[in-house]
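A note on names: the letters A, B, ... follow the listed sequences, proteins ahead of strands, and every chain is numbered from 1.
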There are 4 protein chains.
Amino acid sequence: MTGTLNKVMLIGHTGDDVKMHYFEGGNSIGRFPLATNEVYTNKATGQRVENTEWHNIVVRNKAAEICEKYLKKGDKVYIEGRLKTRKWTDDKGMERYTVEVQCTDFTFLTPPPGSGTSQGNASQGSSSQGNKQQETGSQNPGAARQQSPAKNDTFASNSMGNEDEDDLPF
Amino acid sequence: MTGTLNKVMLIGHTGDDVKMHYFEGGNSIGRFPLATNEVYTNKATGQRVENTEWHNIVVRNKAAEICEKYLKKGDKVYIEGRLKTRKWTDDKGMERYTVEVQCTDFTFLTPPPGSGTSQGNASQGSSSQGNKQQETGSQNPGAARQQSPAKNDTFASNSMGNEDEDDLPF
Amino acid sequence: MTGTLNKVMLIGHTGDDVKMHYFEGGNSIGRFPLATNEVYTNKATGQRVENTEWHNIVVRNKAAEICEKYLKKGDKVYIEGRLKTRKWTDDKGMERYTVEVQCTDFTFLTPPPGSGTSQGNASQGSSSQGNKQQETGSQNPGAARQQSPAKNDTFASNSMGNEDEDDLPF
Amino acid sequence: MTGTLNKVMLIGHTGDDVKMHYFEGGNSIGRFPLATNEVYTNKATGQRVENTEWHNIVVRNKAAEICEKYLKKGDKVYIEGRLKTRKWTDDKGMERYTVEVQCTDFTFLTPPPGSGTSQGNASQGSSSQGNKQQETGSQNPGAARQQSPAKNDTFASNSMGNEDEDDLPF
DNA sequence: TTTT
DNA sequence: TTTT
């Protein structure tokens, strides 16, 4: 029985690169931590408080590969997904629970190096800032990266039977 | 180029039944109005104000057929979608614009007649309340209706390459 | 540093009544579990799978009191909030983590008993279904309950400096 | 009576600076257009299609002033709000309707000039890119800008009776 | 135009 | 009308 909604929407910075795990049969998942922040002033003490919240993001298959390829540690990203609690057993045999965000959609918010937008760190030698190596060639990796959300939109549209859209990320 | 988000989430009551439009080639769309309300007290006058906002919902293909079949005037529903402005020309030749919510996901919140839940209007003769005729048979239409969100979730999951889910609404 | 978003939106059924905790100084919090469901068919096995996800909802102060008063076990509710991981120590001195949804907005989706809507379980003796005792009087508790979302909208509006709205839940 | 939800969430680029309008009594509103994009490939024609959707954003009072001060044409921003249709009469006396997004929360996604983040266009002479004049002083305007979402979160928290948070944007 |  |  449903009639329910389970939705998470996050904008944050990745705390690490995407760690991939490949299954037999061709499926794969990627995991990475995402940080969101809140700032407020404690009224009682007048003190400024800054909190970081960490979220465990899980992406699957094609989406995981796109994230693995284009998301690097520190990037800003929009993540949409579902909350899911995963049960596991620690080394002492104790049952433990981890809450994960099963990603269903995402949009990169850090412009790719070399994109030259007013938002980008484009101008010069951004690869020196620790960006992951991006493949070069006729297709601008920044543009490719920028298109990934379109892909997600596309897939989501297909989910409602929209016909005139494609199946491919790029 | 994207990196953008265009999302609408509504919970409201339908103001009319779903009006279907079938295209050659097999595609179809359904349209219906959705009402949301807000209540507040005008601070200056102390007067209680109640506002109704009307939204133009557009659903496509399989989703449209499900809505047409199970959503009746007055039902409560959760709608997720994208904002889209459609341009048209009125009978005086003037350009006009209509903002629509292109539905990408939905969940029925009015329990189907006969569902017998604590939330439902189940107990007796609810068809006398003007509910649309529901097909009868071994499958409970209420349950079918309840599953439609699952279908949407399923489709959305597939959009990210999730393998172990199905393609069918029911 | 922010520029981040941490948002959860849930529609589900409460798994228990709201448990209140009052602090010295007048603050209070309420907690309750919320269930969301997903249904899909495992493609490999063809088996129908139904999953229930449980969420720990935390509400504060006035909102907690409203929930405590009008939300009963089994009710359907829309919850909006933030994800927050709370650290605690179990009886063996081990550090444990619990993810909670810190509620910032909510809307009751189960009509109050006696509301007599097509959606309600109004017709007869619904109190026998274990509904909490609602105070009686000139004001319909069902209406009061329905208004709580308006209150939240109102508060949210004020957060942006909207002047012509009120401060009170009802 | 409510029990409804009216929520819009957008990430897009502003198409113009914020236009302020001040009312007697001290209230004010700001308006600006926001663009979101979608990209897909038309399956029938194989053609890549790019659509831009324009949204009319309306912000009020303190939030309007913050946007007016820190948001410049072309900036990327997250906007949360409510859909509202405004009726007006055109110069021919015809009734017209405009759909607006009444902003209730926002987060700047374009780093301020001089922020020096890997995402920023910081390095050199960004004011030549048409950035609005930012006040200088001991407080980094970029940081101030970054804090505005915190302020919104704060206000939203207060809406639920959260006590230990402040009232001030910065 | 219309829902609760 | 306009952003990337």
Interatomic distance where [atom1] belongs to [X] and [atom2] belongs to [N] [whole Å]:
X	N	atom1	atom2	value
Lys72(B)	dT4(E)	NZ	C1'	12 Å
Tyr78(B)	dT3(E)	OH	C1'	19 Å
Leu71(D)	dT2(F)	CG	P	19 Å
Lys76(B)	dT3(E)	NZ	P	15 Å
Arg31(B)	dT3(E)	CZ	P	20 Å
Leu5(D)	dT3(E)	CG	P	21 Å
Lys19(D)	dT3(F)	NZ	C1'	14 Å
Asp75(B)	dT3(E)	CG	P	13 Å

Handout entry: Proximal nucleotide (of dT3(F), dT4(E), dT2(E)) relative to the Pro33(B) side chain
Key =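 Closest nucleotide to the Pro33(B) side chain: dT2(E).
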
Practice task
Compare the minimum distances between each of dT2(F), dT4(E), dT2(E) and the side chain of Lys73(B), then state the nucleotide with the smallest one.
Solution key: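 Of all the options, the side chain of Lys73(B) is nearest to dT2(E).
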
Exercise for the section: Not counting sequence neighbours, which residues clear salt bridge (charged side-chain N to carboxylate O under 4.0 Å, His left out) with Lys84(B)? List them please. Expected result: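 Salt bridge (charged side-chain N to carboxylate O under 4.0 Å, His left out) list for Lys84(B), sorted by chain: Glu38(D).
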
Practice task
For Thr52(B), report the nucleic acid contact type (base, sugar-phosphate, nothing); a contact means any heavy atom under 4.0 Å.
Solution key: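 Answer is base: heavy atoms of Thr52(B) come under 4.0 Å of a base.
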
Handout entry: Qualifying residues under side-chain hydrogen bond (donor to acceptor under 3.5 Å, both in side chains), relative to Glu65(D), sequence neighbours excluded
Key =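 Scan of Glu65(D) (side-chain hydrogen bond (donor to acceptor under 3.5 Å, both in side chains), adjacent residues dropped) gives none.
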
Practice task
Indicate the atoms forming the closest heavy-atom contact of Leu10(D) with Val101(D), along with that distance.
Solution key: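 So the minimum-distance heavy-atom pair works out to CD1-CG2, 4.3 Å.
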
Handout entry: Thr98(B)-Trp88(B) side chain donor-acceptor pair, cut-off 3.5 Å
Key =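 Indeed, the side chains of Thr98(B) and Trp88(B) share at least one donor-acceptor pair under 3.5 Å.
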
